[in-house]
Structure formats: C-alpha cells, structure tokens
Amino acid sequence: MGQKGVDRQIDNIEFVVSDIARSKAFYGAAFGWSFTDYGPQYCEFSDGRLTGGLTTGTVKPGGPLVILYADDLAATQARLEAAGARIVKDTFSFPGGRRFHFEDPDGYELAVWSDK
C-alpha cells in the first residue's frame with residue numbers, strides 16, 4: 001500500500017494468516033505471486049495487477065479484509081459514520097500511510113487508507 005490509490009475505489013485486500021511463510025509458499029506456488037516483506041508481521045503480495053497483504057493475527061471467518069483508498073481520510077470517515085458505519089479500529093499509522101477499519105450495516109469489516 002505504498003503507492004497512492006484512486007479515491008473511493010477498492011485498493012487492497014489483506015489476508016489475516018497464522019503463518020506468513022506458509023502463506024507465501026502456498027500463494028507463490030499456486031498463483032506465482034511475488035512478495036515484499038515489511039517485518040515479521042506483514043508482507044505485501046502482488047499478483048501482477050493488484051497488491052495486497054498478508055498479516056499475522058487471529059484468523060476470522062468471513063474472508064480477507066477489503067481496503068479502499070481515500071484522498072481525505074478524515075472526510076471519508078465522517079461520511080462513513082454519517083452513513084451508519086461503526087468504526088472498529090481507530091486511525092493508525094503504518095509505513096506508507098494511515099488507515100482505519102469500519103463495519104458496514106451488515107457487520108462486514110472493511111478498511112480505508114490514505115498516503116496523506
């Protein structure tokens with residue numbers, strides 16, 4: 001997620017996995033993905049068109065985390081809250097930007113990031 005995305009479009013998908021090395025071996029062998037490590041708990045993958053991440057944590061049912069890009073993170077959060085979203089992880093910084101997580105009205109967790 002180091003390159004600027006397009007405002008209000010899906011920009012990244014993140015898989016929470018129990019073992020990054022195992023997941024890299026699996027997706028590398030199955031799909032030919034390439035990887036960039038950002039420490040022991042995060043690895044970026046690229047399938048040649050889309051990038052995403054592998055991060056360690058508690059694996060939750062429901063699939064990968066869909067991440068959208070926003071030019072203005074605060075305005076996007078305000079718009080989401082006004083629309084009924086619940087913020088489940090406050091804005092935090094990471095190498096390359098900042099992001100927050102929210103739940104939609106059905107309980108799906110998504111995230112929004114910005115390089116600003």
Side-chain angles (χ1 to χ4, degrees):
M1 293 191 321
Q3 297 179 6
K4 181 178 177 179
V6 177
D7 191 33
R8 301 188 206 183
Q9 290 187 357
I10 294 172
D11 187 63
N12 194 285
I13 298 174
E14 188 170 273
F15 293 87
V16 177
V17 300
S18 57
D19 184 325
I20 289 178
R22 182 183 68 196
S23 295
K24 285 171 57 176
F26 173 79
Y27 286 107
F31 300 112
W33 292 0
S34 61
F35 303 93
T36 303
D37 293 318
Y38 289 98
Q41 296 180 326
Y42 197 87
C43 176
E44 181 180 72
F45 69 80
S46 175
D47 69 0
R49 185 180 67 85
L50 179 72
T51 61
L54 303 173
T55 187
T56 57
T58 303
V59 178
K60 298 182 272 187
L65 178 66
V66 174
I67 303 172
L68 297 99
Y69 180 82
D71 287 332
D72 185 331
L73 203 59
T76 301
Q77 180 172 338
R79 194 168 46 253
L80 280 162
E81 289 175 314
R86 184 171 74 88
I87 304 304
V88 296
K89 187 180 281 190
D90 292 328
T91 300
F92 63 93
S93 296
F94 62 90
R98 300 177 306 128
R99 81 180 196 199
F100 67 88
H101 294 211
F102 69 94
E103 282 185 353
D104 74 1
D106 290 306
Y108 288 102
E109 184 174 339
L110 295 93
V112 181
W113 86 282
S114 182
D115 62 344
K116 298 173 185 169

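Quantities reported herein were computed from a predicted structural model and do not represent experimental measurements.
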Can you tell if the side chain of [X] reaches within under 4.5 Å of the side chain of [Y], non-hydrogen atoms only?
| X | Y | answer |
| --- | --- | --- |
| E81 | I87 | yes |
| I67 | V112 | no |
| F92 | H101 | yes |
| Q77 | F100 | yes |
| L54 | K24 | yes |

So how far is it from [X] [atom1] to [Y] [atom2], rounded to the nearest 0.5 Å?
| X | Y | atom1 | atom2 | answer |
| --- | --- | --- | --- | --- |
| K89 | E103 | NZ | CD | 12.0 Å |
| D7 | T76 | CG | OG1 | 6.0 Å |
| E109 | F102 | CD | CZ | 9.5 Å |

Do you know which two heavy atoms are closest between [X] and [Y], and how far apart they sit?
| X | Y | result |
| --- | --- | --- |
| I20 | C43 | CG2-CB, 3.9 Å |
| L110 | Y108 | CD1-O, 3.5 Å |
| F35 | G28 | CZ-N, 3.8 Å |
| V16 | T58 | CG1-O, 3.4 Å |
| P40 | T56 | O-CG2, 4.4 Å |
| L50 | D47 | N-OD1, 2.6 Å |

Pair E14 + R99: basic N to acidic O under 4.0 Å: yes
Cluster link W33 to I13, ILVMFWY, side chain under 4.5 Å: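 As far as the 4.5 Å side-chain criterion goes, I13 and W33 are connected within one cluster.
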Shared hydrophobic cluster, Y27 / V17 (ILVMFWY, side-chain heavy atoms < 4.5 Å):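 Yes; tracing contacts between hydrophobic side chains, which count when under 4.5 Å, links both residues.
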Parallel, tilted or perpendicular: rings of F31 and F26 (30°, 60°): perpendicular
Heavy-atom donor-acceptor pair, [X] side chain to [Y] backbone, under 3.5 Å:
| X | Y | value |
| --- | --- | --- |
| D37 | G39 | no |
| S114 | A70 | yes |
| T55 | Q41 | yes |

I10 atom CD1: more than 12 heavy-atom contacts under 6.0 Å: no
Crowding at CZ, R8 (>12 non-hydrogen neighbours, <6.0 Å):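 Check fails, neighbour count at 12 or below.
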K116 and D71: CA distance, side-chain angles, deciding distance, side-chain contact (heavy atoms from CB on, under 4.5 Å) verdict: CA-CA 7 Å; K116 298 173 185 169; D71 287 332; 4.1 Å; yes
Distance-only polar pair, side chains of W113 and D11, donor-acceptor under 3.5 Å: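 There is such a pair (donor and acceptor under 3.5 Å, judged by atom type) between the side chains of W113 and D11.
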Under 3.5 Å side-chain donor-acceptor pair for D115 and Y69: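 There is such a pair (donor and acceptor under 3.5 Å, judged by atom type) between the side chains of D115 and Y69.
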Chi angles and distances behind the side-chain contact (heavy atoms from CB on, under 4.5 Å) call for L73, T91: CA-CA 9 Å; L73 203 59; T91 300; 3.8 Å; yes
Distance flag, aromatic centroids of F94 and Y42, threshold under 6.0 Å: no
